[in-house]
Structure formats: structure tokens, C-alpha cells
Amino acid sequence: MSAALDSLLDLLDLEQIERDIFRGTSRSAVVPRVFGGQVAAQALVAAGRTVPADRAAHSLHAYFLRAGDPGAPIVYSVDRIRDGKSFTTRRVVAVQHGQPIFHLSASFQTYEDGLEHQADMPSSPDPETLPTAAEMLPRYADRFSDPGMVDRLIEARAAVDLRYVDAPPFGTVGEAREPRSQVWFRTNGKLADDPLLHVCMATYVSDMTLLDSVLLAHGRGGWAVGDVVGASLDHAMWFHRPFRADEWLLYDQESPSASGGRGLGQARIYTADGRLAITVIQEGVVRVPR
């Protein structure tokens, strides 16, 4: 296991300070605020720790309310909304400096058989043939005004092996492209056999690249380039089938719309053998600086 992954797992191992109250810390991010995927993953950890082990997360719906302060702890308060025969519902509010910065509703279900169908997995190259972040990012060093940006991006992704199928938005600045993007990802090391941990890790990664397709449609390079400013507004995920976050997952993303200073991203995450594991939808603020 890489040191970066070990550090990320420590972040997800929340401190329990009361029956339904947990506390987490943060790690440095590319932007001077807490990374949204971290808050979402920690909130899901808090929710999951109040649910019986035989009930797996099947969906979450969340809103980002305020920018998080990476220098302060985050307190997660869990509300036990419902404990039914098949489904369990939890609401989590993340608080910093006395104010809510994020809230999440998550639903968990006992396993049961049912009808089965899924969308086919799109074609994509073998992830082992694609460059790693450490190999790919230095190629675009001249796109960033900050000379330390490449190192910060590599550090931010050190816990996860994330590989772009095509050039990322900052690789084709000024060139409008189809609003679609694919990345393969897996953790940089083996994870324990805990289904909640794999779901939380996928939640963490899901916020990294989902709005890329919005940027591609307009030839924008992104927050690291500085030709847009933005932040996640809301995030929803549905977990359809079991998967492991330490095995290759294809994140197939697209943007059906951008308007009013907001952009929408939607995606499907497939296992390497073609099973549809997760559906993701996110809206974010995407503004052109004046």
C-alpha cells in the first residue's frame, strides 16, 4: 500500500466522539478549500457506521453548502431517519466553525434478488496502456501559471491511480470538444474486504473529474489553469452492484447541459468485466472569470 493511500484511509477512519457524532480531519487539496469528495466520503463513513453491517449503501444525495476550511476539523452529526425491514436511511450534517458546510442523505438496503438489466459498457482502451498521472501531467506544465501546480496535482492524486483515456481539459485549452470524458481509476494499493470502504473510496474519486466534460464542450482548461472558477453544488450516486475500488473501474462521463453559470455532469462507472456498478450525477458552478 502506498503512503498516500494509507494517509487517505486514515482520513476516512473517523473519530467517534458520541453515539452519532464523528470528527474528521482534512488533507491539502489543489484549491485552498477542503476537497468535496473527501467531505462526501467522510459523511458516508459516518452514516455507514450507524447502520447494520448487512445493509449496503445503495444511494446518496448531497449538497455542498460552504467551502470547507482544511485547517479545522469537521464534525459529522448523524440523524437516524428510518430503520425499516429492508431499508435504512441516514442524514448527515457536516459542521465547521459552527456552520453546516455539507449535508448528505444516504440509503442502505439488505441484499435481495430482483430483476436484472443494465446499459452496456462503452468501448475503452486497456487502462494498463494509458499513462499514469506522474507520466501525463508534466507534459502540460506550460499550461499552468503556477509552477508548482503539476506537483500539487500529482500529490493530490497519489492515493489513486487515475488515467485519462484522452487528453484532460487542460491539455486542449481553446479547443472545443465533444462533452465526454473517460478515466480509469483504482486505489494505489489493496483495500480491506469492507464493502462500505470501497463505496466510500469511489465516492471520494467521483468528485475529481466529473465536471471535465463541461469544460471540454467550451475549450476551457479548468480551475488549475484559471480560465474558469467553480465548485460542486450537489452530488448524487446510486450503487447498483458490488465492486472493488482497488480494481480497475471505468468512469464514463458526459455533460448534457451548461447554463446560468452552472454545468451538469453525469456518468456511469463500470467494472473491468463490464458490470455497471455506479451512476453519478453532479451539478457545479462553472463561471468564466471577468
Side-chain angles (χ1 to χ4, degrees), residues 1-2 5-16 20 22 24 37-62 76 78-92 94 104-119 121 159-162 184-208 210 235-252 267-281:
M1 181 183 298
S2 69
L5 178 57
D6 195 44
S7 175
L8 177 54
L9 292 174
D10 284 343
L11 283 183
L12 297 182
D13 188 15
L14 302 179
E15 175 191 4
Q16 185 166 3
D20 293 330
F22 302 83
Q38 176 205 301
V39 182
Q42 287 181 328
L44 189 56
V45 168
R49 288 191 177 175
T50 70
V51 173
D54 65 346
R55 299 196 174 201
H58 73 86
S59 70
L60 67 83
H61 301 263
Y76 296 91
V78 182
D79 190 0
R80 299 179 183 237
I81 299 294
R82 179 175 182 266
D83 289 289
K85 292 182 179 179
S86 299
F87 292 89
T88 294
T89 307
R90 295 290 185 261
R91 184 172 71 98
V92 183
L104 169 143
S105 293
S107 185
F108 302 77
Q109 182 191 15
T110 57
Y111 174 79
E112 60 182 86
D113 292 321
L115 302 175
E116 278 276 347
H117 77 273
Q118 68 161 69
M121 181 180 182
V160 178
D161 188 351
L162 188 148
W184 285 92
F185 73 87
R186 65 180 177 185
T187 57
N188 262 323
K190 198 74 172 173
L191 299 176
D193 296 331
D194 176 0
L196 178 63
L197 176 60
H198 291 263
V199 165
C200 291
M201 195 63 71
T203 300
Y204 177 87
V205 179
S206 69
D207 191 39
M208 285 184 170
L210 186 49
H235 200 80
M237 302 180 73
W238 292 264
F239 305 101
H240 308 300
R241 294 170 179 84
F243 63 92
R244 294 189 64 93
D246 54 7
E247 297 177 354
W248 285 118
L249 297 168
L250 175 65
Y251 200 5
D252 186 62
R268 292 168 176 163
I269 298 178
Y270 293 86
T271 61
D273 61 1
R275 290 177 295 114
L276 176 58
I278 311 169
T279 297
V280 192
I281 298 179

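- Side-chain contact of Ser105 with His61: a donor-acceptor pair under 3.5 Å is absent, judged by distance alone.
- No more than 12 heavy atoms of other residues, nucleotides or ligands lie within 6.0 Å of CZ in Arg268, so this atom counts as exposed by the packing criterion.
- Met237 places none of its side-chain heavy atoms less than 4.5 Å from the side chain of Val199.
- Between Arg241 and Glu116, at least one side-chain nitrogen of the basic residue sits less than 4.0 Å from a carboxylate oxygen of the acidic one, meeting the salt-bridge criterion.
- Under a 3.5 Å cut-off, the side chain of Arg90 and the backbone N or O of Ala106 do not form any donor-acceptor pair.
- The minimum heavy-atom distance between Val92 and Ala43, with the atom names listed, is CG2-O, 3.6 Å.
- With rounding to the nearest 0.5 Å, the separation of CG in Leu11 from SG in Cys200 is 12.5 Å.
- In plain terms, the two heavy atoms of Ser206 and Tyr251 that are nearest each other are O-OH, 2.8 Å.
- Of all heavy-atom pairs spanning Leu276 and Ala119, the tightest one is CD2-N, 4.3 Å.
- Although no hydrogens or angles enter the test, the distance criterion places a donor-acceptor pair under 3.5 Å between the side chain of His198 and the main chain of Ala192.
- Distance alone, capped at 3.5 Å, is enough to place a donor-acceptor pair between the Arg55 side chain and the Phe87 backbone.
- With contacts defined as side-chain heavy-atom distances shorter than 4.5 Å, the pair Leu5/Leu191 qualifies.
- No donor-acceptor distance shorter than 3.5 angstrom exists from the side chain of Asp79 to the backbone of Arg91, with no hydrogens or angles considered.
- For the pair Arg49 (side chain) and Leu14 (backbone), a donor-acceptor distance under 3.5 Å is present.
- Formation of a donor-acceptor pair under 3.5 Å by the Gln118 side chain with backbone atoms of Gly274 is found in this model.
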(request) Please lay out, stage by stage, how Gln38 and Tyr204 fare under the test side chain to side chain contact (heavy atoms under 4.5 Å, CB included). (result) CA-CA 5 Å; Gln38 176 205 301; Tyr204 177 87; 4.0 Å; yes
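- For the pair Arg244 (side chain) and Lys190 (backbone), a donor-acceptor distance under 3.5 Å is absent.
- At distances below 3.5 Å, not a single donor-acceptor pair connects side-chain atoms of Tyr111 with backbone N or O atoms of Asp54.
- Under the side-chain hydrogen bond (donor to acceptor under 3.5 Å, both in side chains) test applied with Arg80, the options Thr50, Asp20, Thr89 reduce to a single match, Asp20.
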